[in-house]
Amino acid sequence: MTAPTKACQDLARQLSDANAAVFARLGLEPKHAAVRRSDRPDLGEFQCNGALAAAKQIGRKPQEIAADAAAAWDATDLADAPTIAGPGFLNFVTTARALSARAQAIADDPRAGASAVETPRRVLVDYGGPNVAKPMHVGHLRASIIGESLKRIFRFRGDRVWGDAHFGDWGFQMGLLIVALEDELGGLGDPAKVAARLKSLTLEDLEAMYPAAAAKARDDAAFRDRARKATAGLQSGEEPHRTIWRAMHDVSMAALKREFSALGVDFDLWNGESDADPLIPDMVADLKARGLIEEDQGAQVLRVAREGDKRALPPLLVVSSEGTAMYGTTDLATILQREREIDPDLYLYIVDQRQGDHFEQVFRAAELAGYAKREQLEHIGFGTMNGPDGKPFKTRAGGVLKLNDLIEMAREKARARLREAEIGADFSAEEFEDVAHKVAIAALKFADLMNFRGTSYVFDLDRFMSFEGKTGPYLLYAAVRIKSILRKAGEAGVAAAPIVIAAAEERGLALALDGFDAALAQAYDKRAPHFLAEHAFALAQAFSAFYGNCPILQETDAGAQGSRLALAQATLKQLEITLDLLGIAAPERM
Ligand code: ARG
């Protein structure tokens with residue numbers, strides 16, 4: 001009987017299984033047999049360090065155990081018998097046959113070798129989080145980029161996923177805008193006058209009104225008080241507050257949708273804080289009835305501190321002394337709403353890590369109230385995008401950089417880079433703009449996603465936009481180059497043939513292709529897209545080395561030529577999937 005083909009699993013998994021069988025035969029615990037990519041490629045492609053733990057358990061020398069395991073190795077189709085290094089590390093080199101079969105399986109698989117989760121879950125990804133009437137800034141850029149990627153990663157792994165923008169469209173900022181409008185119009189008593197003003201309201205108006213009102217509220221207690229009252233009025237459904245809110249909401253929403261679409265970010269739910277408002281009265285009554293909230297200086301709070309906390313976690317403010325719902329209130333009510341409407345198994349909140357305490361409060365409150373379990377709720381924090389001074393990025397004038405301006409800045413730089421590289425001289429104006437836009441977005445997104453999300457990074461458009469090195473534009477260029485190779489091969493009538501791995505660079509490329517599934521699983525498990533960014537770069541580099549030494553068009557052996565073509569096709573497919581999981585789209589040519 002021939003062994004069933006295992007090539008749908010990655011090589012580390014195949015090796016682990018074979019090694020576990022060896023360990024079991026030797027009476028060793030199979031859990032110690034795990035094989036992974038080697039971090040010493042000079043010694044082997046894969047390694048198992050488990051002989052050390054296995055030896056300790058049964059009181060023998062690790063080197064003896066390793067020698068026994070190596071001698072008992074029988075999966076010679078998969079890898080040669082392992083060599084032993086240092087205190088008892090097993091190093092494996094896969095056979096050309098196993099590598100060829102694995103590359104072929106990836107080439108034949110529409111998912112390019114990616115496995116899926118065994119039990120799909122329902123996952124709610126809360127990301128983006130822009131605020132109505134305030135321009136989006138670079139903090140929202142990170143939330144949008146990371147959230148979009150995680151949403152795609154979870155969906156690709158087989159979960160059922162909902163992305164929700166959770167707009168900041170409720171609360172004090174709306175009250176501020178209402179009183180700002182009141183002052184501008186000299187009162188809100190005349191409905192016709194209010195209606196006429198709302199009709200002409202633009203995003204620019206709101207963007208001017210908000211900072212002025214926020215500044216005024218800082219030094220003017222009476223103004224602040226009026227804004228609080230207006231917030232309470234809005235939340236209790238008063239007019240014209242509701243009408244004003246609706247108009248401001250709609251103007252903002254249209255602009256936000258444009259910006260998100262430019263970024264390649266799309267939500268399944270375009271909900272806001274306000275959508276959970278109808279649940280708040282019952283929620284508060286329920287919390288009160290169950291003795292979960294208490295009065296504190298006129299406000300109603302839910303205590304979430306626990307014994308053993310390293311730092312005192314302040315209580316969650318559920319109802320302010322003015323009777324208004326707060327940021328945490330809407331977040332808690334939104335959990336209730338999502339439980340009813342979606343019933344997620346897992347919630348991911350992609351929000352600046354400086355909001356860590358807020359989410360800890362909300363999550364504990366949700367658990368205390370029995371709305372969701374603590375382990376279902378995850379705050380996926382991220383660091384800041386910094387300026388050259390190492391502080392969160394500001395414009396030259398010291399203000400927050402608007403996302404729109406940032407995207408336009410990146411596009412301008414992309415146009416210049418394309419012209420410098422003499423790319424697109426023969427493109428129509430439309431195609432040139434499309435390519436410049438894709439290069440700009442790829443540069444911004446990749447520069448963000450290549451770092452572990454918790455790490456802050458410095459905004460450096462020159463570096464992000466380079467066609468060389470670990471950048472978005474380099475990866476687009478790599479994808480486009482393979483497309484052009486495939487086009488030319490097609491024109492020359494070259495057809496794909498079974499993959500046969502021979503040259504070292506073919507081996508390198510097959511190993512890179514094989515690494516996709518593990519990168520994806522890590523990105524998924526750690527909620528960290530940088531594992532995939534890393535993979536995209538490694539794959540592009542392996543392809544570049546491959547193509548430098550293993551030509552396709554000039555190859556005279558039809559078998560080798562067809563095999564290489566199939567490898568190039570598999571690489572493009574996997575690279576495009578990986579880029580797509582990062583939220584990056586490649587042009588047809590550049
Ligand atoms: N609007 C908030 C901000 O700008 C982010 C919202 C994050 N999501 C949430 N469920 N609280 O900081």
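Every number for a ligand or one of its atoms is a count from 1 in the order of the listing.
Aromatic pair Phe537/Tyr474: centroids less than 6.0 angstrom apart. For His358 and Tyr327, the gap between ring centers is short of 6.0 Å.
For Leu150 against Ala528, the heavy-atom pair with the smallest separation is CD2-N, 3.9 Å.
With Glu360 as the partner, the side chain to side chain donor-acceptor pair (under 3.5 Å) test is satisfied by one option alone out of Arg374, Gln355, His379: Arg374.
Using a heavy-atom distance under 4.0 Å as the criterion, the protein contacts of ligand 1 are Asp126, Gly129, Asn131, His140, His166, Tyr327, Asp331, Tyr349, Val351, Gln355, Phe359.
A donor-acceptor pair shorter than 3.5 Å cannot be found between the side chains of Tyr210 and Asn131.
Not counting sequence neighbours, the partners of Phe393 by the ring pair (Phe, Tyr, Trp, His ring centres under 6.0 Å) test are Phe459.
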